[in-house]
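The next block holds one structure in the form of C-alpha cells; read it before the comments.
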Amino acid sequence: MNKKGDLTATRREYLAQPLRRVSLNSDPLTQFAMWMEEAIAVSSDDATSMTLATADKHGMPAARIVLLKHFDENGFAWYTDYRSQKGDDLAENPQAEILFYWYGLERQVRIQGRVEKLSQQQGKAYFNQRPLASRLSAAASCQSHPVADRETLEQAVKELEERYPDGDIPHPEQWGGYILKPVRFEFWQGREGRLHDRFQFNLTDKGWDVQRLQP
Ligand SMILES: Cc1cc2nc3c(=O)[nH]c(=O)nc-3n(C[C@H](O)[C@H](O)[C@H](O)COP(=O)(O)O)c2cc1C
C-alpha cells in the first residue's frame, strides 16, 4: 500500500468451496443455521458479530456491529440501549439489514426485515445473564450520547458498585433486545475469478422463493 491508501492492488482469490443450488436448503433459516455452525467451528469469537444497518426517516443509513444472541423462526435478536442512534433510527423506521461476513469461509449472509422490540422480560432475563462488568457499563451509559470525559463514566460505574455492593444491578428499562423478522436472505459464497455464487430468498404468500443472482 502506498501512503495515499491506494488499495487497488490488494487482492486475493476466493477459493473456499462452491454453493450449489442442489445443496442449498429450501428453508433459509436452516441454511443459515448450517452456515453459522460452520462459522463458529472456524472462528467462534467473531462468528456471531454482524453489521446492523438502519436508516432514519430521511433515509440516511447508519451501520455498526452488534452481536447476534439468538435466532429461530421468530427472527434474529440482539441487545442494546434503546436510547442509542440505532434505537432512534428503528423508532422512526423499523426496517433493517443484518450482515454476517465469515472470513475463513469466504461467505456473506444478508438478512432484511422488520424490527420489533423484544419484551421487557426478555431484556431483563438476558441482562441478568451478563457478567457484572457488562451490566455495570450498560447501566452507567446512555449509549451514543456525548459525555465530557472517561472519568465521568468511570465515576458512574463506581457509584453503581457502591450502591449495589451485592452486584444485583437493576435492569435498566431502556436496555433490551430487538428482533428482526426476515423477509429476504442472501447467501453469498466467494468463488474463483470473482464468479461468486449468490442465492436470494424472498418471502412470498406461498413461502420462500429462491433465485440465483449474478455475482
Ligand atoms: C465486535 C463488536 C460487538 C458489539 N456488540 C454490540 C452489541 O451487541 N450491542 C450494542 O449495543 N453494541 C455493540 N457494539 C458497539 C456498536 O458497534 C456501536 O458502537 C453501539 O451499539 C452504538 O451504535 P449506535 O450509536 O449506532 O446506536 C459492538 C461493537 C463491536 C466492534
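For ligands, and for the atoms within them, numbers begin at 1 and follow the listed sequence.
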Next item on the list: Tell me, please: is Trp78 in heavy-atom contact with ligand 1, that is, under 4.0 Å?
Entry: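 Judged by the 4.0 Å heavy-atom criterion, Trp78 does not count as contacting ligand 1.
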Can you confirm, on distance only, whether ligand 1 has an N/O atom lying under 3.5 Å from any N/O atom belonging to [X]?
X: Ile65; value: yes
X: Gln85; value: yes
X: Leu67; value: yes
X: Ser49; value: no

Next item on the list: Measure the acute angle between the ring planes of Trp175 and Tyr79, then classify it against the limits of 30° and 60° as parallel, tilted or perpendicular.
Entry: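 Trp175 and Tyr79: parallel rings.
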Next item on the list: Could you label the plane-to-plane angle of the Phe76 and Phe185 rings as parallel, tilted or perpendicular, counting under 30° as parallel and over 60° as perpendicular?
Entry: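 Perpendicular, since the angle between the ring planes exceeds 60°.
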Ignoring hydrogens and angles, state whether a donor on the side chain of [X] or [Y] is under 3.5 Å from an acceptor on the partner side chain.
X: Gln155; Y: Thr152; answer: no
X: Ser84; Y: Arg64; answer: no
X: Arg114; Y: Gln95; answer: no
X: Asp209; Y: Gln211; answer: no
X: Ser43; Y: Asp45; answer: no
X: Gln112; Y: Glu97; answer: yes

Check: Does Trp188 have Arg107 sitting over its ring (NZ/CZ under 6.0 Å from centre, angle to axis within 45°)?
Finding: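 Judged by the rule, Arg107 and Trp188 form no cation-pi pair.
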Considering only heavy atoms of [X], which atoms of ligand 1 have at least one such atom less than 4.0 Å away?
X: Thr80; result: 10 (C), 11 (O)
X: Ser84; result: 27 (O)
X: Tyr79; result: 7 (C), 8 (O), 9 (N), 10 (C), 11 (O)

Among protein heavy atoms, which sits nearest to [atom], and what does the distance come to when rounded to 0.1 Å?
atom: atom 25 (O) of ligand 1; value: Ser144 OG, 2.5 Å
atom: atom 26 (O) of ligand 1; value: Arg64 NE, 2.7 Å
atom: atom 12 (N) of ligand 1; value: Gln143 NE2, 3.8 Å
atom: atom 21 (O) of ligand 1; value: Lys86 NZ, 2.6 Å

Notebook entry, point to check: Is there a protein heavy atom less than 4.0 Å away from atom 17 (O) of ligand 1?
Noted result: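 Under the 4.0 Å cut-off, atom 17 (O) of ligand 1 does have protein heavy-atom neighbours.
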Item checked: Nearest candidate to atom 6 (C) of ligand 1, where distance is taken over non-hydrogen atoms, out of Asp88, Val66, Leu90 ->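 When every heavy atom of Asp88, Val66, Leu90 is considered, Val66 comes closest to atom 6 (C) of ligand 1.
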